[in-house]
Amino acid sequence: QVQLVESGGGLVQAGGSLRLSCAVSGRTFSSYAMAWFRQAPGKEREFVAFIGWSGFSTSYAESVKGRFAISRDNAKNTVYLQMNSLKPEDTAVYLCAAALGVGRVVRASEYEYWGQGTQVTVSS
C-alpha cells in the first residue's frame with residue numbers, strides 16, 4: 001500500500017512563493033510517476049504538474065507554466081512543487097497523486113493513489 005502525505009501549504013500574498021512537499025511511504029517510490037492536482041471550492045479537480053519516475057520527464061498546466069516547478073528526490077521518497085509568483089486564482093487544495101503507469105498525465109483517473117491535500121490560499 002502506498003500512502004501520500006502533503007505539507008507546505010498556507011496563506012501567502014499575491015506574488016509570493018510556497019514549496020509543497022509530498023512524502024510517499026513504500027519502498028517502490030522510484031517506480032511511480034507523480035503529479036500534483038488542485039481543487040478549488042465548487043470546481044473540478046485540475047491537473048497542475050507531472051513528473052516521471054526518473055525525474056527527467058515533466059509536464060505542466062498552461063496556467064502554471066513558468067511559475068511552478070515539480071521535482072522529486074527518490075532517496076527521500078518525496079516529490080516537491082515549488083510555486084512562485086502566486087496569484088489569487090492559484091487558491092485551492094493541492095493534492096499529490098501517484099501511478100505506476102500513466103497514459104494521459106492530465107487525467108485524474110489515471111492515478112491510483114492520492115493524498116489528503118494541503119490548502120494554499122493566495123490573498124490579493
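What you see is a predicted model, and the numbers here were worked out from it, not measured in a lab. The first residue of the sequence shown is numbered 1, and numbering continues consecutively from there.
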Requested in this report: Grab the two heavy atoms, one from Glu6 and one from Gly117, that are nearest each other, plus how far apart they are.
Outcome: OE1-N, 2.9 Å
Report task. Indicate if Tyr32 and Trp53 have the same hydrophobic cluster label, given that clusters are the connected sets of ILVMFWY residues with side-chain heavy-atom separations under 4.5 angstrom. Result -> no
Query raised in the report: If Ile, Leu, Val, Met, Phe, Trp and Tyr residues are connected whenever their side-chain heavy atoms lie under 4.5 Å apart, and connections chain through other members, are Ile70 and Val102 in the same group?
Result: no
Query raised in the report: With a distance cut-off below 6.0 Å to the six-membered ring centre and an angular limit of 45° from the axis, does Arg19 pair with Tyr80 as a cation-pi contact?
Result: yes
Report task. Begin with the C-alpha distance, continue with both residues' side-chain angles, and end with the deciding distance and a verdict on side chain to side chain donor-acceptor pair (under 3.5 Å) for Thr78 and Asp73. Result -> CA-CA 5 Å; Thr78 302; Asp73 185 337; over 6 Å; no
Requested in this report: Answer yes or no: is there a donor N or O on one side and an acceptor on the other, between the side chain of Arg67 and the main chain of Ser63, under 3.5 Å?
Outcome: yes
Report summary line: Closest non-hydrogen atoms of Ser17 and Gln82, given as atom of the first, atom of the second and distance, are CB-NE2, 4.0 Å
Query - Check: Cys22 and Arg72 side chains under 4.5 Å, non-hydrogen atoms - result: no
Report task. Enter the distance from Trp36:CH2 to Glu46:CD here, rounded to the nearest 0.5 Å. Result -> 14.5 Å
Query raised in the report: Is it true that Ile51 and Tyr113 fall in one hydrophobic cluster, defined by side-chain heavy atoms closer than 4.5 Å?
Result: yes
**Report entry** Ring-face cation contact, Trp114 with Arg45, 6.0 Å cut, 45° max
**Finding:** yes
**Report entry** Over-ring placement of Arg38 relative to Phe47, 6.0 Å and 45° cut-offs
**Finding:** no
Query - Closest heavy-atom pair and its distance - Lys43, Gln39 - result: O-NE2, 3.2 Å
Query raised in the report: How about Val12 and Thr121: do any of their side-chain heavy atoms sit closer than 4.5 Å?
Result: no
Report summary line: All heavy atoms of Asn74 vs all of Ser30, minimum pair found to be ND2-CB, 3.6 Å
Requested in this report: Over all heavy atoms of both residues, which pair between Ser25 and Gln1 is shortest? Give the atoms and the distance, please.
Outcome: OG-O, 4.3 Å
Query raised in the report: How about Phe50 and Tyr60: are their ring centres within less than 6.0 Å of each other?
Result: no
Query - Hphob cluster co-occupancy, Phe29 + Leu20, side-chain heavy atoms under 4.5 angstrom - result: yes
**Report entry** Heavy atoms of other groups near Glu112 CD, more than 12 under 6.0 Å
**Finding:** yes
Query raised in the report: So among Leu95, Leu100, Val105, which one has a side-chain contact (heavy atoms from CB on, under 4.5 Å) with Tyr111?
Result: Val105
Query raised in the report: Do Leu81 and Leu4 sit in the same hydrophobic cluster, where Ile, Leu, Val, Met, Phe, Trp and Tyr count as joined when their side-chain heavy atoms come under 4.5 Å apart?
Result: yes
Report task. Grab the two heavy atoms, one from Cys96 and one from Val79, that are nearest each other, plus how far apart they are. Result -> SG-CG1, 3.7 Å
Query - Within 6.0 angstrom of Gln116 CD, more than 12 heavy atoms from elsewhere - result: no
Requested in this report: Output yes when a side-chain donor or acceptor of Ser21 lies under 3.5 Å from a complementary backbone atom of Ser7, and no otherwise.
Outcome: no
